[in-house]
Amino acid sequence: MNSIPTPTVILLDIEGTTLPVSFVHKVLFPYARKALPDLIRERANDPAVIAALEETRALGPDREPLDQLMAWMDEDAKVGPLKALQGIAWADGYASGALIADLFPDVPPALRAWSEAGLTLAVYSSGSAPAQRLIYTYTTDGDLTPLFSAFLDLEMGGKKDVESYRQILAKMGWAASDVLFVSDVVAELDAAAAAGLRTCQMVRPEDGTIAGTVHPVAHSMKEVADLFSLPEPVGKAQ
């Protein structure tokens, strides 16, 4: 049994941690790419669209906004206006039933067990907070958003920047030592650890994630539970 105090806050990455990378790159991104031209044209008077396009022009003044957005998608760039417009497109897709998030099967039982035990659950992802909510609202296991206390995005800063995690701690009022950050990306875990957070690398065989050597490694949420003395998930096969 782990003698170190159990974390009271579980901060989770999404892509490669709770959701397969393939869903993002083979489902969500292509859907947004196809939807963006019509979205920009049909919602030209939508304040959110106007703001995103203005920011796109400011960041890429030498290109038409749509061309710049497509280039960012090609680069998998973590850029605010792109994330905002993708989020709008995905909202339409989820609402219509065209999109539904198929989380790793070990995730929903763990989230429910940890929430029922009184742990605080939160998300920190490069996807916008509204896009994060959509993923957890429209899952094959139903709406999981009530289990979460916060959805944090790049407004906190880049995920490989130590200051981002300090900003999260300040915003949420958490003590660093109480927070466990779970992500598949070693550089993100390095930054979180430098800010005092506890860390665990999620290594999903389905995604071909390569295990690092610095942070504890888990291959499922059950293994996270075992490593950090968290409540055991009950339900689907782990």
Side-chain angles (χ1 to χ4, degrees), residues 7 9-29 76 78 83 86-87 90 93-94 99-117 119-154 156 159 165 168 179-189 192 197-212 215-228 230-238:
V9 178
I10 313 299
L11 182 62
L12 297 164
D13 173 47
I14 295 180
E15 183 181 344
T17 299
T18 63
L19 184 78
V21 171
S22 60
F23 180 78
V24 177
H25 291 271
K26 295 183 179 180
V27 178
L28 288 184
F29 285 175
D76 191 19
K78 315 298 185 185
K83 295 297 181 183
Q86 286 174 325
W90 293 332
Y94 284 113
L99 296 173
I100 186 166
D102 191 5
L103 303 175
F104 287 113
D106 57 277
V107 170
L111 297 179
R112 292 190 176 103
W114 298 342
S115 177
E116 289 171 6
L119 300 180
T120 297
L121 303 180
V123 175
Y124 180 34
S125 173
S126 58
S128 69
Q132 296 172 24
R133 287 182 177 275
L134 288 170
I135 285 174
Y136 285 107
T137 298
Y138 297 95
T139 84
T140 53
D141 285 79
D143 183 1
L144 301 178
T145 56
L147 304 178
F148 291 94
S149 296
F151 294 89
L152 305 164
D153 58 21
L154 294 182
M156 298 293 100
K159 295 184 70 184
Y165 298 89
I168 288 172
V179 183
L180 171 64
F181 179 51
V182 185
S183 172
D184 61 320
V185 180
V186 171
E188 295 176 4
L189 298 168
L197 281 68
R198 297 162 72 178
T199 56
C200 183
Q201 185 185 12
M202 182 61 72
V203 175
R204 297 286 189 179
E206 302 93 327
D207 290 338
T209 311
I210 297 174
H215 307 277
V217 170
H219 300 86
S220 69
M221 290 300 169
K222 182 181 185 303
E223 291 189 12
V224 174
D226 291 341
L227 284 169
F228 293 90
L230 300 173
E232 286 290 325
V234 177
K236 291 186 180 181
Q238 304 303 314

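Below, all heavy atoms of this structure are taken into account, side chains as well, without hydrogens, waters or symmetry copies.
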Rounded to the nearest 0.5 Å, what's the gap from [atom1] on [X] to [atom2] on [Y]? Could you check?
X	Y	atom1	atom2	value
His219	Met202	NE2	CE	9.5 Å
Asp102	Thr139	CG	OG1	8.5 Å
Leu144	Arg133	CG	CZ	13.0 Å
Ile14	Asp153	CD1	CG	10.0 Å
Cys200	Leu227	SG	CG	5.5 Å
Lys83	Ser128	NZ	OG	8.0 Å

For residues [X] and [Y], report the shortest heavy-atom separation together with the two atoms involved.
X	Y	answer
Phe151	Ala129	O-CB, 3.5 Å
Pro7	Phe228	CD-O, 3.6 Å
Val186	Gly212	CG2-CA, 4.1 Å

Measure from the side-chain N and O atoms of [X] to the backbone N and O of [Y], and report whether any donor-acceptor pair falls under 3.5 Å.
X	Y	value
Trp114	Pro231	yes
Gln132	Gly127	yes
Gln201	Asp184	yes
Lys159	Tyr124	yes
Trp90	Leu28	yes
Glu15	Ser22	no
Asp207	Thr209	no
Glu188	Ser183	no

Any side-chain heavy-atom pair from [X] and [Y] closer than 4.5 angstrom?
X	Y	answer
Asp226	Val224	no
Leu230	Leu119	yes
Leu99	Val27	yes
Leu12	Phe148	yes
Tyr136	Leu103	yes
Arg112	Leu147	yes
Leu121	Leu111	yes
Thr17	Val185	no

**Request:** Run the numbers on Met156 and Tyr165 for side chain to side chain contact (heavy atoms under 4.5 Å, CB included), then give the verdict.
**Result:** CA-CA 8 Å; Met156 298 293 100; Tyr165 298 89; over 6 Å; no

**Asked** Looking at Phe181, does the NZ or CZ of Arg198 lie under 6.0 angstrom from its six-membered ring centre and within 45 degrees of the ring axis?
**Response**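 Relative to the ring axis of Phe181, which defines the angle, Arg198 lies outside at least one limit.
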
**Message:** In terms of relative ring orientation, are Phe29 and His25 parallel, tilted or perpendicular, with 30° and 60° separating the classes?
**Reply:**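 Rings of Phe29 and His25: perpendicular, as their planes differ by over 60°.
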
**Message:** The criterion is salt bridge (Lys or Arg N to Asp or Glu O under 4.0 Å); which residues satisfy it with Lys26, sequence neighbours excluded?
**Reply:**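 In terms of salt bridge (Lys or Arg N to Asp or Glu O under 4.0 Å), with neighbours along the sequence ignored, Lys26 is linked to no residue.
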
**Test applied, side chain to side chain contact (heavy atoms under 4.5 Å, CB included); reference residue, Asp141; option that passes from Pro105, Pro109, Pro108** =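 Testing Asp141 for a side chain to side chain contact (heavy atoms under 4.5 Å, CB included) against Pro105, Pro109, Pro108 leaves exactly one candidate, Pro108.
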
**Item:** Reference residue Leu11; test side chain to side chain contact (heavy atoms under 4.5 Å, CB included); the match among Leu180, Val179, Thr199
**Value:**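 For Leu11, the side chain to side chain contact (heavy atoms under 4.5 Å, CB included) check succeeds only for Val179.
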
**Item:** Salt-bridge contact Asp106-Arg204 (side-chain N to carboxylate O under 4.0 Å)
**Value:**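 Counted as a salt bridge, because a side-chain N and a carboxylate O are separated by less than 4.0 Å.
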
